[in-house]
2 protein chains.
Amino acid sequence: MMTIKEVTEMTGISAPTLRYYEKEGLLPYVKRNENRKRLYDEEDLSWISFVTALRATGMPIAQIQKYVSLFKEGDSTIAERKTMMLHHKKDIEKSIKELYFNLDKINYKLALYDVLESQIERTTIKI
Amino acid sequence: MMTIKEVTEMTGISAPTLRYYEKEGLLPYVKRNENRKRLYDEEDLSWISFVTALRATGMPIAQIQKYVSLFKEGDSTIAERKTMMLHHKKDIEKSIKELYFNLDKINYKLALYDVLESQIERTTIKI
DNA sequence: ATAGAAGATGAAGTTCACTTGAAGTCAAGG
DNA sequence: CCTTGACTTCAAGTGAACTTCATCTTCTAT
């Protein structure tokens, strides 16, 4: 069992953010010691890692909330949770495609700069 | 020359956003007619498209502002602008890598759901 | 000529995801 | 004993990127 400080050091997530995620219901079942201090176990860490992956791929807090509340309902929600993940997977794949598409535009701009620079060079050395 | 409405229809960007981008200095040289209504030409459209690509790839407004102000300074800033684009290209490539990395975690979760579902099926038909 | 749609402006409001502040509890060390 | 530091809670504040509002002007169609 780890303290909040150890978790922040391991994950790079700030203590206020961990408390905020827990308050919003993104981290089920974080336990406390006799003095109400949070104690994180391996399962908490894997929730943190999962929530972090969802956030990093753009899933809003509200949707993660929904996912976690379905999880708490138990096995009867497995199909719905799987559907959520499938949709999110599609969203991520779309984001990646759009990033590639826009990266192409940036690369085109960079190619123009190469042309510009070689023109300037030719002008400077008066060819 | 197109009106703001035609541009919103072409690009899907709202008129308030176009005005906001212009006010923030992201769209240089948008002209007006005799009654101060905006008129967009081809060059404006290509700026809009470029700014949109930068935004869609996560470049903050402030950095686009800087880029456009360098552009307005003229050819002496070409090297600096190219450097900005090279850095941004690196950032995009990093984002794409991170998306793939996190997509793997989602796919792992999905694989677990497949296992869970087949377990449930076996339980139901009592094998 | 006049209603209604479209455009302009500046200021204020919204949303999201945190972050910071204020005030209190508790254990350990000098 | 008492200070320090790591926690706690709840509320308020922040920053980014728009969006909406109020008010005014201008164009278009009947």
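To find a chain, count down the sequence lines: A is the first, B the second, and so on, and within it residues start at 1.
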*So which of residues 1-17 of chain B are in contact with DNA chain D, with a heavy-atom cut-off of under 4.0 Å?*
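Within residues 1-17 of chain B, the residues near DNA chain D are B/S14, B/P16, B/T17.
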_Please give me every residue in residues 49-69 of chain A whose heavy atoms get under 4.0 Å of an atom in DNA chain D, ordered by residue number._
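Residues of residues 49-69 of chain A under 4.0 Å from DNA chain D: none.
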Mind calculating the distance between [atom1] ([X]) and [atom2] ([N]) to the nearest angstrom?
X     : N      : atom1 : atom2 : answer
A/E34 : D/dT8  : CD    : P     : 13 Å
A/K37 : C/dA28 : NZ    : P     : 10 Å
A/Y20 : D/dT9  : OH    : C1'   : 17 Å
B/E24 : C/dG10 : CD    : P     : 12 Å
A/N33 : C/dA27 : CG    : P     : 9 Å
B/L39 : C/dG7  : CG    : P     : 11 Å
B/E22 : C/dG10 : CD    : P     : 12 Å
A/K23 : C/dC18 : NZ    : P     : 13 Å

Is the shortest side-chain N/O distance from [X] to OP1 or OP2 of [N] below 4.0 Å?
X     : N      : answer
A/R32 : D/dT9  : yes
B/Y21 : D/dA17 : no
A/N35 : C/dA27 : yes

*Selection: residues 97-106 of chain B, any non-hydrogen atom under 4.0 Å of DNA chain C*: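 Those residues: none at all.
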[X]/[Y] ion pair, N-O < 4.0 Å:
X      : Y      : result
B/R122 : B/E117 : no
B/D114 : A/K82  : yes
B/E22  : B/R32  : yes

*In Å, rounded to the nearest 0.5 Å, how long is the span from OG1 of A/T57 to NZ of A/K89?*
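Going from the OG1 atom of A/T57 to the NZ atom of A/K89 covers 13.0 Å.
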*Roughly how far apart are B/I92 CD1 and A/N102 CG, rounded to 0.5 Å?*
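One gets 7.5 Å once the value is rounded to the nearest 0.5 Å.
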*When you measure from the centre of the six-membered ring of A/F50, is the NZ or CZ of B/K105 under 6.0 Å away and within 45° of the axis?*
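Relative to the ring axis of A/F50, which defines the angle, B/K105 lies outside at least one limit.
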*Flag this pair as yes if the NZ/CZ of A/K72 is under 6.0 angstrom from the six-membered ring centre of A/W47 and inside a 45 degree cone about the axis; otherwise no.*
no
*What's the closest nucleotide to the B/R36 side chain, out of C/dA8, C/dC26, D/dC18?*
C/dA8
_Quick test of your reading: applying ring-ring contact (aromatic ring centres under 6.0 Å, His included), list the pairs with at least one residue in residues 74-111 of chain A, sequence neighbours left out, ordered by first then second residue._
none
*asked:* Counting the atoms with a prime plus P, OP1 and OP2 as sugar-phosphate, which does B/R19 contact under 4.0 Å by heavy atoms, base, sugar-phosphate, or nothing?
replied: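 Base, at least one base atom sits under 4.0 Å.
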*asked:* Restricting to side chain to side chain donor-acceptor pair (under 3.5 Å), what partner residues turn up for B/K31, sequence neighbours left out?
replied: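 With neighbours one apart ignored, the set is empty.
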*B/R19: partners by side chain to side chain donor-acceptor pair (under 3.5 Å), with sequence neighbours left out*: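 By the side chain to side chain donor-acceptor pair (under 3.5 Å) rule, B/R19 matches no residue at all.
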*Is it the case that A/T17 and A/S14 place a side-chain donor and acceptor less than 3.5 Å from each other?*
yes
*Going by heavy atoms in the side chains, are A/E43 and A/V30 under 4.5 Å from each other?*
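When only atoms from C-beta onward are counted, A/V30 and A/E43 do not touch, as no gap falls below 4.5 Å.
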